[in-house]
Amino acid sequence: MIIAIVRIPMEGGKRPKDTVIEQSVKSTEIYKDVKGLRRKYYLNSESGGGGVYEFATREAAEAWFHDGWADWMEGRFGVRPTLEIYDNNVVLDNEAGEVRVDGKALQTV
């Protein structure tokens, strides 16, 4: 599994919750058919917005975050985002009560 973290620096403090929800729900149309994207978490903070993306594979993440992606995002938000991509081999899932390694349950907690 791959985790990508996108940060979009914005001035003016934390955006209003209702605005963020409305914009985020609308943008799900862009992301719902992205190949290999399992989940996208929308972020909002005093320093800006962003997202945490969970991809099935590095190839899927790299296909989405292609060379023109940052330019597209800058066109949408008026600022250039930052991107970090991580391998994610171990997950603690307290809701399911398990630890998973490479997607397979290793133990229950």
Side-chain angles (χ1 to χ4, degrees):
M1 174 175 22
I2 300 296
I3 300 295
I5 300 175
V6 172
R7 291 183 178 92
I8 305 167
M10 296 179 190
E11 295 182 11
K14 193 172 186 177
R15 297 173 297 149
K17 180 180 176 180
D18 291 343
T19 301
V20 171
I21 290 172
E22 180 182 341
Q23 292 171 342
S24 298
V25 169
K26 185 177 178 181
S27 82
T28 61
E29 290 299 314
I30 296 169
Y31 299 100
K32 69 178 185 173
D33 295 322
V34 173
K35 185 176 180 172
L37 179 62
R38 293 178 175 168
R39 290 178 184 82
K40 179 181 189 290
Y41 297 87
Y42 291 83
L43 307 177
N44 183 27
S45 77
E46 294 296 330
S47 61
V52 176
Y53 299 70
E54 178 186 319
F55 282 92
T57 65
R58 180 168 291 278
E59 293 77 18
E62 289 174 352
W64 175 252
F65 297 114
H66 54 78
D67 289 341
W69 171 83
D71 293 334
W72 172 70
M73 290 289 285
E74 187 173 6
R76 291 180 67 209
F77 295 100
V79 294
R80 198 150 190 91
T82 62
L83 169 66
E84 296 176 83
I85 298 178
Y86 300 90
D87 293 330
N88 178 232
N89 302 106
V90 179
V91 175
L92 165 65
D93 186 335
N94 283 325
E95 289 183 345
E98 63 186 18
V99 174
R100 291 189 296 276
V101 176
D102 293 331
K104 296 178 184 171
L106 176 68
Q107 67 186 51
T108 56
V109 290

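Just so it is clear, the values below take in all heavy atoms, side chains as well, and ignore hydrogens, waters and symmetry mates. Residue numbers count from 1 along this sequence.
- Nearest heavy atom pair, residue Gly36 against residue Ala60, reads CA-CB, 3.8 Å.
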Identify all side-chain donor-acceptor contacts of residues 76-89 below 3.5 Å with residues at least two apart in sequence or on another chain.
residue : atom : partner : partner atom : Å
Arg80   : NH1  : Asp71   : OD1          : 2.8
Arg80   : NH1  : Glu74   : OE1          : 2.7
Arg80   : NH2  : Asp71   : OD1          : 3.0
Glu84   : OE1  : Tyr86   : OH           : 2.7
Glu84   : OE2  : Arg7    : NH1          : 2.5
Asp87   : OD1  : Arg58   : NH2          : 2.9
Asn88   : ND2  : Val90   : O            : 3.3
Asn89   : ND2  : Asp102  : OD1          : 2.9

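- Every residue two or more places apart in sequence or in another chain that forms a side chain to side chain contact (heavy atoms under 4.5 Å, CB included) with Lys14 is listed here: Asn44, Glu46.
- Taken together through direct or relayed side-chain contacts under 4.5 Å among Ile, Leu, Val, Met, Phe, Trp and Tyr, Tyr41 and Val25 form parts of separate hydrophobic clusters.
- The structure places OG1 of Thr28 at 12.5 Å from CD of Gln23, a figure rounded to the nearest 0.5 Å.
- Ala61 and Ile2 get closest at one heavy-atom pair: CB-CG2, 4.0 Å.
- Hydrophobic cluster membership differs between Met1 and Phe65, with clusters built from Ile, Leu, Val, Met, Phe, Trp and Tyr side chains linked at under 4.5 angstrom.
- The cluster map of Ile, Leu, Val, Met, Phe, Trp and Tyr, joined by side-chain heavy atoms under 4.5 Å apart, puts Val52 and Leu37 in different clusters.
- Taking Ile, Leu, Val, Met, Phe, Trp and Tyr as members and joining any whose side-chain heavy atoms lie under 4.5 Å apart, directly or through other members, Val20 forms no hydrophobic cluster with any other residue.
- Inter-residue side-chain proximity for Val34 and Lys40 is flagged as unmet; no heavy-atom pair is nearer than 4.5 Å.
- Here the OG atom belonging to Ser27 is positioned 11.5 Å from the CD atom belonging to Glu22, to the nearest 0.5 angstrom.
- Relative orientation of the Tyr53 and Phe55 rings is parallel, given thresholds of 30° and 60° on the angle between their planes.
- Between the CZ atom of Arg38 and the CD atom of Glu54 there is a distance of 5.5 Å, given to the nearest 0.5 Å.
- Note on Met73: it clusters hydrophobically with Trp64, by side-chain heavy-atom contacts below 4.5 Å among ILVMFWY residues.
- Using a cut-off of 4.0 Å between Lys/Arg side-chain N and Asp/Glu carboxylate O, Glu29 and Lys32 are scored as salt-bridged.
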